[in-house]
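Letters go in sequence order (proteins before strands), and every chain restarts at 1. Predicted, not measured: the structure shown is a model, and the values here were computed from it.
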2 protein chains.
Amino acid sequence: MESGNEHATTYQYHAEDKVLLAVDCIIFGFDQEDLKILLIKRGFEPEKGKWSLVGGFLKKEETLEDAATRILKSYTGLDDIYMEQVDTFSEVNRDPVERTVSTAYYALINIKEHSISNKQFSANWFSVSKAPHLIFDHDKMVQHALRRLRNRAATEPIGFDLLPEKFTMRQLQKLYEAIWDTQFDKRNFINKIHAMNILDKLAEKDMTTSRKGSFLYKFDAEKSKAQNDKSFDFKG
Amino acid sequence: MESGNEHATTYQYHAEDKVLLAVDCIIFGFDQEDLKILLIKRGFEPEKGKWSLVGGFLKKEETLEDAATRILKSYTGLDDIYMEQVDTFSEVNRDPVERTVSTAYYALINIKEHSISNKQFSANWFSVSKAPHLIFDHDKMVQHALRRLRNRAATEPIGFDLLPEKFTMRQLQKLYEAIWDTQFDKRNFINKIHAMNILDKLAEKDMTTSRKGSFLYKFDAEKSKAQNDKSFDFKG
DNA sequence: TATTTTTTGTGTAAACTTGACACTATGGGT
DNA sequence: ACCCATAGTGTCAAGTTTACACAAAAAATA
C-alpha cells in the first residue's frame, strides 16, 4: 500500500489482513559436472517427509534479505553468500494450513565449503534436472530461480561464487555449460573469457585431471570492477 | 517458509510474526514523447499530500496479482493490463507507522484509454525523468521497475501495450527511445522491427503529423507468437 | 627409455550482425 | 507551381560470432 486514497480508510492499516511471510531459498551448487540444488526432507506436517526448499518465516525485526541470510547460514554454515531475490509467490492456497506468502531467493554457494552436517536436516544435493518433486509451489520457484540465474549469469560475472577460489578453465566452462544446459566450443569459450579480463592466471597448476595439468585461475574483483563499465556480457 | 526443520517449531506458524503486505504499482504510460508514470497525492497520514505510487493492501482471499489488478482497475478504470512483478521491499522501517512489506508491480497502459477522473484521486502523469520525490521507498521502486521494463522490452514485444492499437513507426521508435532514454537511427530501427515480423501494416495512414502521412501498423499477436520460438531480441 | 594415453592449449577464416550514413518521395498548404 | 515538413528506403564497413583441428605436455606403462 502506502499510496493513500479514498479506498484506504485510515492508517489503521487493516490489521485483519496481515499474512505470514515466508522466505524460501533455492541454493545452487556445482560439483564439476551438474548444477545442483540443496533440498531438505520436511520435518513436520503438512507434507512431512517430502522434499522441500529450505525456508523459514520473516521475523518482525528483519528484512527479507536478513531472513534469507539467516536461513542460509543455518542450513549451510555459510555467511556472505551471493543471493538475489527471485519473486514473491502468493497463491491463496499454496500452503494448505494457513495463508502464507513466500518470497524466493536464490543463492550461489561453493559446494566444497558447505560443511553442513547434512544429516542434521536430512539435506541433500540434487542435480537440477533430477530433483524430486517438491512440496507446494517449490518446483515453480526453482524454475523461476533458474531462469533468473541464467539471465544474471549472462550479464554479470557471478558464476565464480559457485566455484572454489582457484579453478581451471575447464571447470569454468563446465559450470557455464551446466547453467545453460548446453555445450560450448572450448576455444571460443576461452577466448571470450579472456577477452573479459576479469581473471588472474596463477602460476600453479591443477594436476588432478590430466597428466599435463592445467593452469588455475582466480576471479579478480578489481579487474572485474574496472571492466564493469565496459559491461560484462556472456552469451556462450 | 514451508521447509520444515528443527528450527521451525510446529505448524502454528508463529502468528505473532504476521505482517501487512502491500502492493504498489508503477504505472507506465507514453504520450508520444516521454515515458510517464502515474502518481497520486497521498490522501492520509503519514506523508499526507506527498506524491506516491498507487497501491493498496493484499486481502486475505486474493493473490498479489489479483491485488495489483484490483488497484489498477480502481485507479485507471482499465482491465486486462500488462503487468509484471518487480520486487518485494521489506526494510523494517520503510513505513513509519507499521511494519509493512510491499511488493511492487509495474504496469503498461495506453495513456489515451486511461479515462480516469484524475481529480478523484489527485492523480497525475509525470515524465519519469521529471517526477517529484516520492514517499517511503517508492523512488527506489520506480528505479527497479524501470530497469525491469528495459530488460523486458529488449527481449519481449511488450512495448505495444503503451501505444494505441494503431500506431506509426515513428511513434514506436519514439517509445523505444523513451524507454531507453537514447536515440536510434530511423533506418536501422525500422529494419529491425520489420525483421521481427510481428506487425501488420495497415492501408490507413495517420495524417496528423505530416502532409505525406505515415502508414499505421498494428501489433499482430499471432505473428508474434509464431516468431516467439525464433526468439525476440531488440537491442536498438 | 620409448610409446601410449589423456587432457591442455592455441588461431584463422567464413558467416552473420550491427552500425553508420543521405537522398528521394509525397501531398497539403500557400 | 512551388514550398516544406516528414516519410520512406539500401549499402557498405566494422565488429562479432561461430565453426573447426592439431600440436604440446607429462605421467603411466611396456
Engineer: Ring of F215(A), cation from K205(A) - is the NZ or CZ under 6.0 Å from the centre and inside 45° of the axis?
Structural biologist: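 Pair K205(A)/F215(A) counts as cation-pi.
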Engineer: Without decimals, in angstroms, what is the distance between I193(B) CD1 and dG8(D) C1'?
Structural biologist: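 Spelled out: CD1 on I193(B) to C1' on dG8(D) is 15 Å.
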Engineer: How close do F232(A) and I198(A) get, heavy atom to heavy atom, and via which atoms?
Structural biologist: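 Smallest heavy-atom distance, with atoms named: CE1-CD1, 3.9 Å.
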Engineer: To the nearest Å, give me how far apart CG (N188(A)) and P (dA14(C)) are.
Structural biologist: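 Those two atoms, CG and P, are 16 Å apart.
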Engineer: Test your reading of the model: is there a side-chain donor-acceptor pair from R170(B) to the backbone of K186(B), 3.5 Å cut-off?
Structural biologist: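 No, because the side chain of R170(B) does not come within donor-acceptor range (under 3.5 Å) of the backbone of K186(B).
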Engineer: Nearest whole angstrom, please: distance from the P of dT17(C) to the CG of D185(B).
Structural biologist: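 Going from CG in D185(B) over to P in dT17(C) covers 19 Å.
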Engineer: Starting from P on dC16(C), measure out to CG on N191(B) and report it in whole angstrom.
Structural biologist: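 Nearest whole value for this atom pair: 18 Å.
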Engineer: Can you build the contact string for nucleotides 1-10 of chain C? Use B for base contact, S for sugar-phosphate-only contact, and - for no protein heavy atom under 4.0 Å.
Structural biologist: ----B-SBBB
Engineer: From CZ of F189(A) over to P of dC20(D), roughly how many Å is that when rounded to an integer?
Structural biologist: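 After rounding, the gap between these two atoms is 20 Å.
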Engineer: Looking at N191(A), I want to see if its CG is surrounded by more than 12 non-hydrogen atoms of other residues, nucleotides or ligands under 6.0 Å.
Structural biologist: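 Counting other residues, nucleotides and ligands, CG of N191(A) exceeds 12 neighbours.
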Engineer: Rounded to the nearest angstrom, tell me the gap between atom NZ in K174(B) and atom C1' in dA7(D).
Structural biologist: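 To the nearest whole Å, that distance equals 14 Å.
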Engineer: Expressed as a whole number of angstroms, how long is the span from Q171(B):CD to dG8(D):P?
Structural biologist: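 Nearest whole value for this atom pair: 12 Å.
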Engineer: Between M207(B) and D233(B), who's closer to the 5' end of DNA chain C by nearest nucleotide?
Structural biologist: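 Its nearest nucleotide lies further toward 5', so the answer is D233(B).
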Engineer: Looking only at non-hydrogen atoms, find the nearest pair between L39(A) and A131(A) and report the distance.
Structural biologist: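 Heavy-atom minimum between the residues: CD1-CB, 4.2 Å.
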Engineer: Return the orientation label for the Y217(B) and H194(B) ring planes: parallel under 30°, perpendicular over 60°, tilted otherwise.
Structural biologist: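 Geometry flag for H194(B) against Y217(B): tilted rings.
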Engineer: D206(B) CG to dG8(D) P: how many Å, rounded?
Structural biologist: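 My rounded result for the distance is 10 Å.
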